[in-house]
Amino acid sequence: MLTTALICSTASLLAFILGLNHNKLKSKFGWLYKAIYYSSWPLSLFYLYKCKLMPANYSIAYVCSAIGWNIIGRTLQMIGLTGGVGSGKSAVTSIVKSSFSREIAIIDCDLVSREVVIPGRRAYKNIVKAFGSKILDSEGCIDRKILGAIVFANKAQRNKLDQIIQPAIFLEIFKKLIYYKIKGYSYVIIDAPILFETKILPWFCFPIITVYVSDEEIQIKRVMGRDKITREEAIQKIQCQWPIELKIRKSNISIDNIGTFEDLELKIRSIFRSLILSA
Ligand SMILES: CC(C)(COP(=O)(O)OP(=O)(O)OC[C@H]1O[C@@H](n2cnc3c(N)ncnc32)[C@H](O)[C@@H]1O)[C@@H](O)C(=O)NCCC(=O)NCCS
Ligand SMILES: Nc1ncnc2c1ncn2[C@@H]1O[C@H](COP(=O)(O)OP(=O)(O)OP(=O)(O)O)[C@@H](O)[C@H]1O
């Protein structure tokens, strides 16, 4: 019984992950993927039945749960949204919220990264253990300015923080995906400034949209204005991430946010309208 439950949940998880990748694999491998995909279900059922690996009713439980979770994953398209610091990702998500809130949910990874470091949570404890109590404010919360000054100035420290915080972020994303699926959404935007750098998120997102500002001077000014920081601090933050040219090359859609908010709104509406219509 326990073995069956274990097999069922592992199969369901794998099927869910495969389902999330469905659109990406379909676009990458075309008919070859479709042939393998659609023949895999009857073949696995036949294989289990023939080999008598499990009593027939258990095999049915295994296959049904896998198919069920695969369908759930398949009908939940994760759209990646990334770009440089201050490139306009939040501006994009607020346009999506105002125009497509019924079809598209949004997971803001910056927000998630704040939730997972609330005092008492595991990531909070591990960060304090790794960086010491000097990063805490008078109320015992993580002082983001102090931690930011440490990690944005030093790659090794940044990697240390990423290794602690990213698994917690991924788990939270996973929980939110299930929640949004239950609520009936078909699309979820994963707004992740370091989507490519995580190495994991790109596997699940399709398409990946990169927002950039083709004039770096404008980008620097926008970051300085928003975060009330100096020019040097803004440049340091921008340089903490992959070069934008690389992000653009690796993404499926790129949007230059050099114009006004109205220009951006027009582009975003047309991209998401055609994404929804083409589904
Ligand atoms: C270092 C922290 C405490 C600094 O906080 P602060 O409030 O000063 O900055 P904020 O969170 O607004 O980040 C500003 C921008 O910096 C960039 N950034 C954030 N973390 C990172 C990182 N680890 N590597 C590269 N760029 C980063 C993002 O573009 C982000 O939008 C904070 O950014 C953090 O906890 N970062 C790690 C979380 C993370 O990996 N987030 C991205 C998830 S995809
Ligand atoms: N088209 C635009 N015209 C003028 N200002 C803009 C435009 N797009 C964004 N901005 C401004 O630039 C700043 C950065 O934009 P935003 O916060 O959306 O970037 P972001 O990509 O979410 O940044 P981060 O990764 O640092 O969180 C904000 O102050 C925003 O109001």
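Counting starts at 1 for both ligands and their atoms, following the listed order. All values reported here derive from a predicted model rather than from experimental measurement. Basis for what follows: all heavy atoms, side chains included, without hydrogens, waters or symmetry-related copies.
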Look up atom [atom1] in [X] and atom [atom2] in [Y], then write down how far apart they are to the nearest 0.5 Å.
| X | Y | atom1 | atom2 | result |
| --- | --- | --- | --- | --- |
| I235 | I229 | CD1 | CD1 | 10.0 Å |
| L195 | I209 | CG | CD1 | 11.0 Å |
| Q77 | C205 | CD | SG | 10.0 Å |
| L275 | I268 | CG | CD1 | 10.0 Å |

Problem - Pairs involving residues 177-199, ordered by first then second residue, that meet salt bridge (Lys or Arg N to Asp or Glu O under 4.0 Å) (sequence neighbours left out) - result: E197-K247
Ligand-side contact atoms (ligand 1) for residue partner [X], heavy atom cut-off under 4.0 Å:
| X | answer |
| --- | --- |
| V85 | 29 (O) |
| V151 | 1 (C) |
| C109 | 43 (C), 44 (S) |
| A192 | 44 (S) |
| P193 | 28 (C), 29 (O), 31 (O) |

Is the shortest distance from a Lys or Arg side-chain nitrogen in [X] or [Y] to a carboxylate oxygen in the other one below 4.0 Å?
| X | Y | result |
| --- | --- | --- |
| K237 | D227 | yes |
| R231 | E217 | yes |
| R121 | E172 | yes |

Handout entry: Qualifying ring-ring contact (aromatic ring centres under 6.0 Å, His included) pairs, either residue in residues 160-182, two or more places apart
Key = F16-F174, Y180-Y185
Under 4.0 Å, heavy atoms only, figure out whether ligand 1 is touched by the backbone of [X], its side chain, both or neither.
| X | value |
| --- | --- |
| L161 | side chain |
| D162 | side chain |
| R158 | side chain |
| R114 | side chain |

Practice task
For the pair S98 (side chain) and I95 (backbone), establish whether a donor and an acceptor sit closer than 3.5 Å, ignoring hydrogens and angles.
Solution key: yes
Exercise for the section: Without swapping roles, check the side chain of D263 against the backbone of T260 for a donor-acceptor pair under 3.5 Å. Expected result: yes
Residue and atom name of the nearest protein heavy atom (relative to [atom]), distance in Å to one decimal:
| atom | value |
| --- | --- |
| atom 39 (C) of ligand 1 | I169 CD1, 4.1 Å |
| atom 44 (S) of ligand 1 | I194 CG1, 3.5 Å |
| atom 9 (O) of ligand 1 | K237 NZ, 3.8 Å |
| atom 3 (C) of ligand 1 | L147 CD2, 3.9 Å |
| atom 38 (C) of ligand 1 | S113 CB, 3.7 Å |

N/O of [X] under 3.5 Å from N/O of ligand 1, yes or no?
| X | answer |
| --- | --- |
| T198 | no |
| R226 | no |
| D110 | yes |
| K89 | no |

Fill in the blank from the handout: Within the 4.0 Å heavy-atom cut-off around ligand 2, the contacting residues, ordered by chain and number, are G84, V85, G86, S87, G88, K89, S90, A91, D110, R222, R226, N257, G259, T260, F261
Completion exercise
Residues R226 and V85: closest non-hydrogen pair is NH2-CG1, 4.1 Å
Problem - Minimum non-hydrogen distance to atom 7 (O) of ligand 1, winning option of E233, Q239, R144 - result: R144
Exercise for the section: With atom 20 (N) of ligand 1 as the reference point, say which of W242, F152, F196 has the nearest heavy atom. Expected result: F152
Practice task
Would you indicate whether the side-chain heavy atoms of T198 and Q166 approach each other to under 4.5 Å?
Solution key: yes
Problem - Non-hydrogen atom of Q241 closer than 4.0 Å to ligand 1 - result: yes
Practice task
Output every pair passing side chain to side chain donor-acceptor pair (under 3.5 Å) with a member in residues 132-152, not counting sequence neighbours, ordered by first then second residue.
Solution key: none
Handout entry: Between D110 and S113: side-chain donor-acceptor atoms closer than 3.5 Å
Key = no
Exercise for the section: Please report the C-alpha distance between N126 and V128 in whole Å, then the side-chain angles of each, then the deciding distance to 0.1 Å, and finally whether the side chain to side chain contact (heavy atoms under 4.5 Å, CB included) criterion is met. Expected result: CA-CA 5 Å; N126 290 338; V128 176; over 6 Å; no
